[in-house]
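Okay, structure first, notes after.
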Amino acid sequence: MAAMTVNPAPDSPPVLIACSHGTDNAQGRREIDAVRAGIMALCPEVEVREAYVDVQEPDLVDVVAALPAGRPAVIVPLLLSVGYHVKVDIARAAASRPGTVSALPLGPDPRLARVLQQRLTEAGVDDADAVVLAAAGSSDACAAEDVAEVQAVLAELRTGRVRAGFGSKAVPSVPDAVAARRAESEQRVAVASYLLAPGYFHDQLAKAGADVVSAPLLPSPLIAEIALSRYDDAVARLLGESPTGAAGCDRPCRAQVSVCVRSGAARVD
């Protein structure tokens with residue numbers, strides 16, 4: 001993340017770059033478009049620009065490069081966990097330009113667990129059914145911790161057991177997690193789609209062997225609200241009103257990674 005204190009005019013808040021992964025799925029694109037629209041409706045005085053790290057245009061690097069000179073900006077990852085895109089793609093884009101910082105991703109946040117429970121209820125999942133929380137997956141230890149925190153909150157909202165499964169780069173896989181749940185009891189097994197919108201990873205969940213798969217998180221007005229709260233936190237840091245990583249990070253994953261986006265510091269090995 002770039003670190004620089006700036007003082008924009010009161011009537012010119014930092015630009016909010018809503019950065020998504022990108023998808024070929026038409027419905028998924030519409031859902032992300034709606035999140036940006038929701039952010040603008042909640043805070044019309046903030047200029048919101050779209051950007052992507054893969055698949056779609058405009059590319060984040062180009063969006064950052066095109067910003068007006070001297071105008072501060074905050075990149076808000078419309079992503080559920082930390083990982084390569086947050087720690088590398090987005091961090092590099094922020095570091096490439098003075099007065100630009102990246103906010104934290106949308107998750108973990110207890111509000112996301114409440115949306116997950118709502119989607120399970122809508123899918124007809126009984127409160128006692130076993131659930132596999134299906135996330136995209138990352139090799140980054142912090143991403144797994146992000147998912148674990150949401151898993152813990154979801155478990156508190158249910159009586160049935162909740163286990164995490166991943167689409168790639170982490171274990172267990174969603175099919176393996178579903179199989180493990182079946183081996184433990186004769187109850188139905190549901191997959192809670194911890195994904196923002198329809199797309200490739202969500203389509204794969206239907207092949208995991210569960211009795212039911214819930215819909216993705218979107219559409220939900222809470223996603224725009226969380227994104228805006230991430231922006232507000234980053235603006236405070238950008239303006240020097242909030243110290244970066246003053247309290248450090250005490251999450252279990254901290255000792256396993258060289259870069260921690262929550263403490264704003266790199267571990268010295």
Side-chain angles (χ1 to χ4, degrees), residues 20 23 25-35 37-39 41-42 78-81 105-137 143-167 170 172-230:
S20 180
T23 178
N25 184 284
Q27 182 60 31
R29 291 187 175 196
R30 287 191 291 270
E31 298 291 8
I32 296 300
D33 289 344
V35 172
I39 294 171
L42 289 170
L78 298 185
L79 303 167
L80 293 171
S81 304
L106 301 172
D109 189 292
R111 289 171 287 185
L112 296 174
R114 292 197 287 272
V115 178
L116 285 165
Q117 176 63 7
Q118 178 184 345
R119 294 289 177 266
L120 288 168
T121 300
E122 293 167 350
V125 178
D126 188 87
D127 189 54
D129 288 338
V131 166
V132 171
L133 177 62
E145 180 64 24
D146 286 351
V147 174
E149 290 187 18
V150 174
Q151 175 189 347
V153 178
L154 179 61
E156 292 176 354
L157 300 175
R158 306 182 49 76
T159 57
R161 296 188 64 182
V162 179
R163 179 188 180 99
F166 301 92
S173 68
V174 175
D176 285 349
V178 170
R181 287 276 78 83
R182 288 203 184 283
E184 292 173 353
S185 71
E186 297 180 354
Q187 292 175 308
R188 290 199 313 163
V189 179
V191 166
S193 178
Y194 188 45
L195 302 167
L196 278 178
Y200 174 79
F201 281 115
H202 183 75
D203 291 343
Q204 298 307 301
L205 299 183
K207 306 173 185 178
D211 296 294
V212 62
V213 177
S214 69
L217 296 170
L218 290 172
S220 171
L222 283 175
I223 303 303
E225 293 177 15
I226 295 171
L228 194 54
S229 68
R230 298 291 185 263

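If you read the sequence from its start, that first residue is 1, and numbering goes on from there.
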Closest contact, heavy atoms only, [X] versus [Y]:
X	Y	value
Leu218	Ala197	CD1-CB, 4.3 Å
Gly165	Val174	C-CG2, 3.7 Å
Val162	Ala155	CG2-CA, 3.9 Å
Pro216	Pro198	CG-N, 3.8 Å
Leu79	Pro105	O-CB, 3.3 Å
Val131	Arg181	O-CD, 4.1 Å

How long is the span from the [atom1] atom in [X] to the [atom2] atom in [Y], to the nearest 0.5 Å?
X	Y	atom1	atom2	result
Tyr194	Leu133	OH	CG	7.5 Å
Ile32	Gln27	CD1	CD	10.5 Å
Leu157	Asp127	CG	CG	9.0 Å
Leu205	Tyr200	CG	OH	10.5 Å
Asp109	Arg230	CG	CZ	5.0 Å
Leu196	Ile223	CG	CD1	5.5 Å

CA sep, side-chain torsions, deciding dist, call: Val212, Val191, side-chain contact (heavy atoms from CB on, under 4.5 Å) | CA-CA 6 Å; Val212 62; Val191 166; over 6 Å; no

Step-by-step side-chain contact (heavy atoms from CB on, under 4.5 Å) determination, Leu80 to Leu112 = CA-CA 9 Å; Leu80 293 171; Leu112 296 174; 4.1 Å; yes

Pairwise side chain to side chain donor-acceptor pair (under 3.5 Å) hits with a residue in residues 209-225, at least two apart |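 Non-adjacent pairs meeting side chain to side chain donor-acceptor pair (under 3.5 Å): Arg182-Asp211.
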
Counterpart residues, side-chain hydrogen bond (donor to acceptor under 3.5 Å, both in side chains), relative to Ser81 (two or more places apart) |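 By the side-chain hydrogen bond (donor to acceptor under 3.5 Å, both in side chains) rule, Ser81 matches no residue at all.
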
Under the salt bridge (Lys or Arg N to Asp or Glu O under 4.0 Å) rule, what pairs show up with a residue in residues 188-200, not counting sequence neighbours?
-> Asp129-Arg188

Does anything in residues 114-126 pair up under salt bridge (Lys or Arg N to Asp or Glu O under 4.0 Å), and if so which pairs, sequence neighbours excluded?
-> Arg119-Glu122

Evaluate side-chain contact (heavy atoms from CB on, under 4.5 Å) for Thr121 paired with Gln117, printing each intermediate quantity in order.
-> CA-CA 6 Å; Thr121 300; Gln117 176 63 7; 3.9 Å; yes

Set of residues satisfying side chain to side chain contact (heavy atoms under 4.5 Å, CB included) with respect to Asp203, sequence neighbours excluded = none

With sequence neighbours excluded, what pairs up with Gln187 under the side chain to side chain contact (heavy atoms under 4.5 Å, CB included) test?
->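 Ala128, Ser185.
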
Let me see the working for Leu154 and Arg158 under side-chain contact (heavy atoms from CB on, under 4.5 Å), right down to the final yes or no.
-> CA-CA 7 Å; Leu154 179 61; Arg158 306 182 49 76; 4.1 Å; yes

